[in-house]
Student: 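Here it is: the structure, laid out below.
Please read all numbers here as calculations on a predicted model, not as lab measurements.
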Amino acid sequence: MSLMGGRRVVRVRPAGEESATALENLAAAPAGDALIIVEAGNLTPRSTLRALAESEPTLAALPCYMDNEAALEGLVE
């Protein structure tokens with residue numbers, strides 16, 4: 001339970017293929033109003049974890065790409 005009250009956030013990282021079964025169980029029996037963020041590395045299109053997140057309506061997959069050199073220079077400037 002949250003010490004401050006309100007909605008809980010659970011952050012799982014790093015996650016990989018070993019987390020797919022747990023995520024599947026979570027989708028079948030949601031954890032109330034908790035927001036669960038699962039961070040994984042570079043997942044291929046054949047990844048079980050990625051496929052589950054993309055196909056399950058209660059889950060979402062948000063790709064985050066590495067910045068290239070030009071983007072990093074722009075950020076520093």
Student: Ignoring hydrogens and geometry, is there a side-chain-to-backbone donor-acceptor pair from E73 to A71 under 3.5 Å?
Tutor: no
Student: Specify the closest pair of heavy atoms between L23 and V38, including all atoms of both residues, with the distance to one decimal.
Tutor: CD1-CG2, 4.2 Å
Student: Any heavy-atom pair between the side chains of P45 and R50 that's under 4.5 Å?
Tutor: yes
Student: Is a side-chain N or O of R7 found less than 3.5 angstrom from the main chain of D33, in a donor-acceptor match?
Tutor: yes
Student: For the side chain of S19 and the backbone of A15, is there at least one donor-acceptor N/O pair under 3.5 Å apart?
Tutor: no
Student: What closest approach, in Å, do L49 and A40 show between heavy atoms, and which atom pair accounts for it?
Tutor: CD2-CB, 4.0 Å
Student: Quickly, which of V9, L62, V12 forms a side chain to side chain contact (heavy atoms under 4.5 Å, CB included) with I37? Name it, please.
Tutor: V9
Student: Grab the two heavy atoms, one from P63 and one from A61, that are nearest each other, plus how far apart they are.
Tutor: CD-O, 3.6 Å
Student: Do L26 and I36 have side chains that get closer than 4.5 Å, going by heavy atoms?
Tutor: yes
Student: A quick test of your reading: do over 12 heavy atoms of other residues, nucleotides or ligands sit less than 6.0 Å from CD of E39?
Tutor: yes
Student: With a 6.0 Å cut-off (strictly less than), is the heavy-atom count around CG of N42, excluding the residue itself, greater than 12?
Tutor: no
Student: Between E17 (side chain only) and T48 (backbone N and O only), is there a donor and an acceptor less than 3.5 Å apart?
Tutor: yes
